[in-house]
Amino acid sequence: MSATRVLVLNSGSSSVKYQLLDMRDSRRLAMGLVERIGEETSRLKHTLLTTGDSREWNGPIADHEAALKAVSEELAKDGLGLDSPELAAIGHRVVHGGQTFTEPTVIDEAVLTEIERLIPVAPLHNPANLTGIRTAQALRPDLPQVAVFDTAFHTTMPESAARYAIDLKTADEHRIRRYGFHGTSHAYVSRATAELLGKAPEEVNVIVLHLGNGASASAVRGGRCVDTSMGLTPLEGLVMGTRSGDLDPAVIFHLMRVGGMSTDEIDTLLNKKSGLIGLCGDNDMREIRRRVDEGDEEAQLAFDIYIHRLKKYIGAYYAVLGRVDAVAFTAGVGENASPVREAAIAGLEELGLAVDGELNAVRSGEPRLISPAHARVAVAVVPTDEELEIAAQTYALVAVGKNS
Ligand SMILES: Nc1ncnc2c1ncn2[C@@H]1O[C@H](COP(=O)(O)OP(=O)(O)O)[C@@H](O)[C@H]1O
Ligand SMILES: CC(=O)OP(=O)(O)O
Ligand SMILES: [Mg+2]
């Protein structure tokens, strides 16, 4: 019996998402989520997809190591434990791979050292990713562990997009450049959008809008990323759940000199207390829309700022690409919030962009067009599947070794 299963771990700052897939037919066997790690009210939700049964566990889970052990126990209850001989590999989402990692990579000590070296540029993400890897290694030391990097898809950006206009020597000394993130999602969604249009990825230019709690836009020409909105860290670009996105860098000097704030305080302000939550106290788009519908002015302003920034990036990437075949909305907000899609595209008719109200209101887990028939540019909702993409890349890497 050959091992054909892959466990995918996506360790976030306070959560772990996981999926177990059988790569013979890319079928999901189990999936789940541990959230609020480090709090008293942590929660583990596990679903066995072969039966559809779900279990929930509530109580304190101290750290990512404890979370992964709890996940391993849940999987074992369904006979899918990490000790299974059918497990071929564990695939890990790693957020920052710098310029070093342009491909999925089998993890060894040197790879771990490099991921650790990149912590200063991904302080919310890389430490959690590392704990996930180390815990998984301790549970199955014999198994290949593969890192799939958020930054990899963006390494095709030309220097004109990847460089900041600062002194070259200083930039190079500190490896300051635009890396971009959510690359696994941008890669998957741009390919799925081409498929939806019945074309090969090489034939189409797509603007991908990944709108989750973290949010980023990318310009993809013929399957290759040519620009993206996140930069050195996942703080640049769009307005996000808790992150400010773009601002005048002088805001930081001002807060230090005039506001008397420390570097760490400003870091926390911009990464955790800004964006939608900073503007209106809520970061969940469902809650913000509910408040907007009740006439809440703060929520309306937060929504308007969010949409204004999004629209600016659509225009910018239209100009970068020159010709656009599709704009694709994805992730939690992009897939579910029809008012966001409607407002972001409103007024762009001259660019060939429009949304059909009825199509936009459809709720579905399938890729779908929401632009009117015969529109010059397709507008689409394309659900992302970072876990499937990580599993496919992980399996491709380990299966090649086995079959050759
Ligand atoms: N039905 C919905 N309507 C509007 N927004 C939604 C809906 N469901 C989820 N969201 C938004 O999606 C966000 C989470 O997106 P997700 O892609 O899962 O983020 P992440 O992977 O960064 O945690 C939530 O914070 C919420 O704003
Ligand atoms: C890179 C990033 O912002 O990731 P997430 O959306 O998972 O926070
Ligand atoms: Mg996400």
Side-chain angles (χ1 to χ4, degrees), residues 1-12 15-34 37 42 44-50 55 57 61-95 97 101 103-116 125-150 184 386-404:
M1 182 178 55
S2 68
T4 56
R5 291 180 184 166
V6 173
L7 176 67
V8 175
L9 295 175
N10 178 350
S11 305
S15 69
V16 175
K17 291 182 194 163
Y18 62 95
Q19 282 191 14
L20 180 69
L21 298 98
D22 190 328
M23 298 318 291
R24 279 175 301 189
D25 50 4
S26 301
R27 193 163 53 102
R28 261 175 270 258
L29 303 173
M31 65 187 288
L33 164 73
V34 188
I37 295 171
S42 316
L44 189 159
K45 185 167 184 215
H46 174 84
T47 305
L48 178 63
L49 291 150
T50 46
R55 294 191 290 273
W57 186 89
I61 295 180
D63 52 30
H64 282 75
E65 188 178 340
L68 213 57
K69 288 190 173 147
V71 168
S72 160
E73 281 166 26
E74 283 308 314
L75 285 164
K77 285 183 199 163
D78 293 328
L80 300 170
L82 262 71
D83 55 355
S84 162
E86 287 176 71
L87 200 58
I90 302 181
H92 299 265
R93 175 188 183 207
V94 178
V95 164
F101 300 110
E103 301 283 344
T105 304
V106 176
I107 299 166
D108 59 16
E109 270 310 309
V111 172
L112 284 174
T113 305
E114 184 62 11
I115 297 171
E116 196 160 7
H125 295 95
N126 273 28
N129 302 157
L130 274 171
T131 312
I133 295 168
R134 291 216 167 94
T135 310
Q137 281 179 327
L139 291 168
R140 273 302 294 272
D142 57 315
L143 216 56
Q145 314 263 340
V146 173
V148 177
F149 297 92
D150 257 40
T184 307
E386 289 163 285
E387 283 76 15
L388 175 64
E389 179 75 13
I390 292 169
Q393 294 192 11
T394 298
Y395 192 63
L397 198 59
V398 300
V400 166
K402 278 197 185 132
N403 297 337
S404 58

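On a predicted model such as this, the values are computed, not experimentally measured, just so you know.
- Counted by atom type alone, H46 and D78 present one or more donor-acceptor pairs between their side chains at under 3.5 Å.
- Side-chain contact between R93 and V8 is absent, with no heavy-atom pair separated by less than 4.5 Å.
- Residues V146 and Q393 fail the side-chain proximity criterion, which asks for heavy atoms closer than 4.5 Å.
- Looking at heavy atoms from C-beta onward, R134 lies in side-chain contact with L112 at the 4.5 angstrom threshold.
- Considering only heavy atoms from C-beta on, T135 stays 4.5 Å or farther from H64 through its side chain.
- Between L75 and L82 the shortest side-chain heavy-atom distance falls below 4.5 Å.
- Taking the side-chain hydrogen bond (donor to acceptor under 3.5 Å, both in side chains) definition, one finds that D22 meets it with T4, R24, sequence neighbours left out.
- With contacts defined as side-chain heavy-atom distances shorter than 4.5 Å, the pair V398/V6 does not qualify.
- Judged by distance alone, with hydrogens and angles left aside, the side-chain atoms of N129 form a donor-acceptor pair with the main-chain N or O of S11 at under 3.5 Å.
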- Query: Between H92 and I107, is a side-chain contact (heavy atoms from CB on, under 4.5 Å) present by the stated rule, with each step listed?
  - Reply: CA-CA 10 Å; H92 299 265; I107 299 166; 4.0 Å; yes
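- A side chain to side chain contact (heavy atoms under 4.5 Å, CB included) with L20 is found for one member of V71, L29, I90 and no other, namely L29.
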- Task: Before giving the answer on side-chain contact (heavy atoms from CB on, under 4.5 Å), spell out for R55 and K77 the whole-Å C-alpha distance, their side-chain angles and the decisive distance to 0.1 Å.
- Result: CA-CA 11 Å; R55 294 191 290 273; K77 285 183 199 163; 3.8 Å; yes
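- With contacts defined as side-chain heavy-atom distances shorter than 4.5 Å, the pair Y18/L68 does not qualify.
- Between E73 and K69 there is no salt bridge, since no side-chain nitrogen of the basic residue lies less than 4.0 Å from a carboxylate oxygen of the acidic one.
- The two residues R27 and T50 have their closest heavy-atom pair at NH1-CG2, 3.9 Å.
- A donor-acceptor pair under 3.5 Å is formed between the side chain of T105 and the backbone N or O of E103.
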- Task: Take D150 and H125, measure what side-chain contact (heavy atoms from CB on, under 4.5 Å) needs, and give me the verdict at the end.
- Result: CA-CA 11 Å; D150 257 40; H125 295 95; over 6 Å; no
- Residue pair T184, V148: steps toward the side-chain contact (heavy atoms from CB on, under 4.5 Å) verdict: CA-CA 8 Å; T184 307; V148 177; 3.9 Å; yes
